[in-house]
Protein chains: 2
Amino acid sequence: MTISKRPKDQLKSHIREQNQTLILATAERVFARQGLAKTTTQMIADEAGLPKANIHYYFRSKKDLLEAVLEKTLHQWLESVSRFNEQDGPKAALTRYVSEKIDQSRINANASKVFAMALIGEEEFVLDYLRRYFVGELQREKATIEAWVEQGLMDPVPVEHLFISLWALTQTYADFDAQVKIMLGKDILEEEDYDMAKQFVTRMVLSACGVKD
Amino acid sequence: MTISKRPKDQLKSHIREQNQTLILATAERVFARQGLAKTTTQMIADEAGLPKANIHYYFRSKKDLLEAVLEKTLHQWLESVSRFNEQDGPKAALTRYVSEKIDQSRINANASKVFAMALIGEEEFVLDYLRRYFVGELQREKATIEAWVEQGLMDPVPVEHLFISLWALTQTYADFDAQVKIMLGKDILEEEDYDMAKQFVTRMVLSACGVKD
DNA sequence: ATTAATTTTGATCGAATGGTCAATATTTGG
DNA sequence: CCAAATATTGACCATTCGATCAAAATTAAT
């Protein structure tokens with residue numbers, strides 16, 4: 001009758017990858033919305049438009065699926081938040097760091113929330129990941145900052161606490177968005193809210209570090 | 001035989017109140033450790049040394065119990081974190097605020113965590129509470145800060161974002177303690193860690209606000 | 001002391017959920 | 001075109017969990 005416009009023909013048998021991607025994206029959304037424990041594999045199946053057994057065909061257990069979601073998140077996390085560039089100097093580098101981290105929390109709000117939920121729930125998987133990959137990263141950034149201090153570009157700071165603060169400040173807007181909305185008296189957060197957040201957080205960080213122009 | 005030292009005699013039939021208090025305290029601990037959804041009424045019962053049916057005798061449902069825990073938390077929260085005193089001026093007031101809030105997060109770490117879990121899970125009960133009691137409080141504190149600004153005691157700031165930041169900074173050490181421990185390379189957080197946190201957070205806030213001495 | 005109210009507790013139930021399986025369908029490779 | 005590999009799916013199972021209940025025990029009131 002009608003001319004077939006099925007797109008499946010030209011697509012190679014990426015069936016597996018395609019479905020895994022779909023399931024992961026859906027799971028991320030549902031986990032973020034419902035919470036890790038409240039989420040059922042049935043919910044994910046329904047929202048992905050697949051039977052539940054199909055979910056379990058690609059991911060043996062709910063735990064496996066959650067860890068796959070977390071791994072994807074954590075991976076893109078460490079990758080996309082650019083490292084400090086010592087050449088930029090503290091002002092440009094810190095400003096960019098805050099801006100990118102807030103952007104990322106905003107764009108990947110679901111991923112950010114799933115990660116925060118796993119962290120607050122002390123999921124062993126996430127803690128292991130942090131121990132393995134994050135601590136080293138922190139050391140490198142610490143060295144950069146200490147170099148800046150020695151060059152007189154900024155005041156000495158307790159670097160670990162600076163990073164704890166940076167983390168807390170930039171994630172709040174995604175993880176506790178419900179509370180933020182209430183405090184700002186808004187139903188949804190807009191571009192300008194994030195801009196204001198960037199501006200104020202940057203101001204806090206730069207002034208506390210005594211960054212010279 | 002031995003002289004009775006049972007304290008139950010003089011205690012009036014506080015049975016109900018006594019058990020409710022025990023259950024609430026236990027539930028707070030278990031909820032904080034296991035997460036809201038993973039916690040079972042059986043766990044709470046075991047840890048309180050009571051049969052499960054007894055829990056349900058005092059709190060009709062798990063949801064009721066959680067909300068009772070949250071209400072207690074939220075109540076003591078708003079009560080014990082002292083309001084700004086305009087007379088103190090921004091430096092003393094903000095310094096004290098940060099210090100008290102971090103102390104409280106530390107002392108009531110379980111309560112703080114349960115609250116954060118409920119918030120991130122967007123429990124309607126908590127959001128309602130914030131809408132009802134918190135927004136008004138915020139308005140009052142906003143007025144105080146604006147008065148300070150007009151008196152030239154500090155720079156103008158986006159007050160809502162300042163409070164979002166204060167909230168985030170002071171709660172992180174309790175809510176995401178697992179992550180903080182990893183970043184600090186410690187198994188437990190000690191007095192000195194909290195002192196350092198207070199110091200640095202205060203420094204961020206005061207410098208960002210351009211507080212004059 | 002008797003009665004009424006409150007509390008305790010084991011037993012039990014129904015619903016929900018993670019996970020399995022085997023039968024069927026589809027895709028792939030030769 | 002055929003066989004092997006891969007994917008789909010409904011039916012099903014074991015377990016867990018919140019909640020209920022009724023009988024028994026304890027406490028309070030008169």
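Just so you know, these numbers come straight off a predicted model, no measurement behind them. A note on names: the letters A, B, ... follow the listed sequences, proteins ahead of strands, and every chain is numbered from 1.
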Rounded off to whole Å, could you give me the CD-to-P distance for the A:Gln42 and D:dC12 pair?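 So the two atoms are 16 Å apart, to the nearest Å.
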Give a yes or no on whether the backbone of A:Thr95 and the side-chain of A:Ser99 come within a donor-acceptor separation of less than 3.5 Å.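 Between the backbone of A:Thr95 and the side chain of A:Ser99 there is no qualifying donor-acceptor contact (under 3.5 Å).
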At under 4.0 Å, does any side-chain N or O of A:Tyr57 touch on OP1 or OP2 of D:dT8?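 No.
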Would you mind reading off the distance between B:Lys38 atom NZ and C:dG18 atom C1', rounded to a whole angstrom?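 These atoms are roughly 14 Å apart.
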D:dT8 phosphate, OP1 or OP2: any side-chain N/O from A:Asn19 under 4.0 angstrom?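 Yes, within the criterion.
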Are any of B:Arg16's side-chain N or O atoms less than 4.0 Å away from OP1 or OP2 of C:dT7?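 Yes.
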What nucleotide, of C:dT20, D:dG18, C:dT9, holds the atom closest to the side chain of A:His56?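 The answer is C:dT20.
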Would you mind reading off the distance between A:Ile44 atom CD1 and C:dG19 atom P, rounded to a whole angstrom?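 So the two atoms are 11 Å apart, to the nearest Å.
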Starting from P on C:dA16, measure out to CE on A:Met43 and report it in whole angstrom.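 It works out to 11 Å between those atoms.
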At 4.0 Å (heavy atoms only), tell me whether B:Tyr58 reaches a base, stays on the sugar-phosphate, or touches nothing.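 If one applies the 4.0 Å heavy-atom cut-off, B:Tyr58 turns out to touch the sugar-phosphate alone, with no base involved.
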With the threshold set at 4.0 Å, does a side-chain nitrogen-carboxylate oxygen contact exist between B:Glu192 and B:Lys198?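 Salt bridge flag = no for B:Lys198 with B:Glu192.
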Could you please name the option among D:dA19, C:dT20, D:dT9 that lies closest to any side-chain atom of A:Asn54?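 Looking only at heavy atoms from C-beta outward on A:Asn54, the closest nucleotide is D:dT9.
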Shortest side-chain distance from B:Ile15, nucleotide among D:dT8, D:dG18, C:dT8: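 Side chain of B:Ile15 sits closest to C:dT8.
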So does B:Glu47 pair up with B:Arg33, basic N to acidic O under 4.0 Å?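 Here B:Glu47 pairs with B:Arg33 in a salt bridge, since their nearest N and O are under 4.0 Å apart.
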Tell me the interatomic distance from A:Gln20, atom CD, to D:dT8, atom P, rounded to whole angstroms.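 The answer, rounded to whole Å, is 11 Å.
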Measure from NZ or CZ of B:Arg96 to the centre of the six-membered ring of B:Phe84 and say whether it is under 6.0 Å with the direction within 45° of the ring axis.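 No.
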In whole Å, I'd like the distance from the CZ atom of B:Arg60 to the C1' atom of D:dC21.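 About 14 Å, once rounded to whole Å.
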Nucleotide D:dC17, atom C1' - distance to CZ of B:Phe59 in whole Å: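 So the CZ-C1' distance, B:Phe59 to D:dC17, works out to 19 Å.
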Of the nucleotides D:dG18, D:dT20, D:dG10, which one has an atom closest to the side chain of A:Pro51?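 Per side-chain heavy atoms of A:Pro51, the pick is D:dG10.
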Between D:dA19, D:dT8, C:dG18, which one does the side chain of B:Lys62 approach most closely?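 Among D:dA19, D:dT8, C:dG18, the one nearest the side chain of B:Lys62 is D:dA19.
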Among D:dG18, C:dG18, D:dT8, which nucleotide has an atom closest to any side-chain atom of B:Thr41?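 Among the listed nucleotides, the one closest to the side chain of B:Thr41 is D:dG18.
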Both B:Gly49 and B:Lys52 contact DNA chain C. Which one's nearest nucleotide lies toward the 5' end?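 Its nearest nucleotide being more 5', the pick is B:Gly49.
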How long is the line joining CD of A:Gln34 and P of C:dT17, in whole Å?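 Taking atom P of C:dT17 as the reference, CD of A:Gln34 is at 10 Å.
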Centre of B:Trp167's six-membered ring, under 6.0 Å away, within 45 degrees of the axis: is that where NZ or CZ of B:Lys101 sits?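 Checked: cation-pi criterion met.
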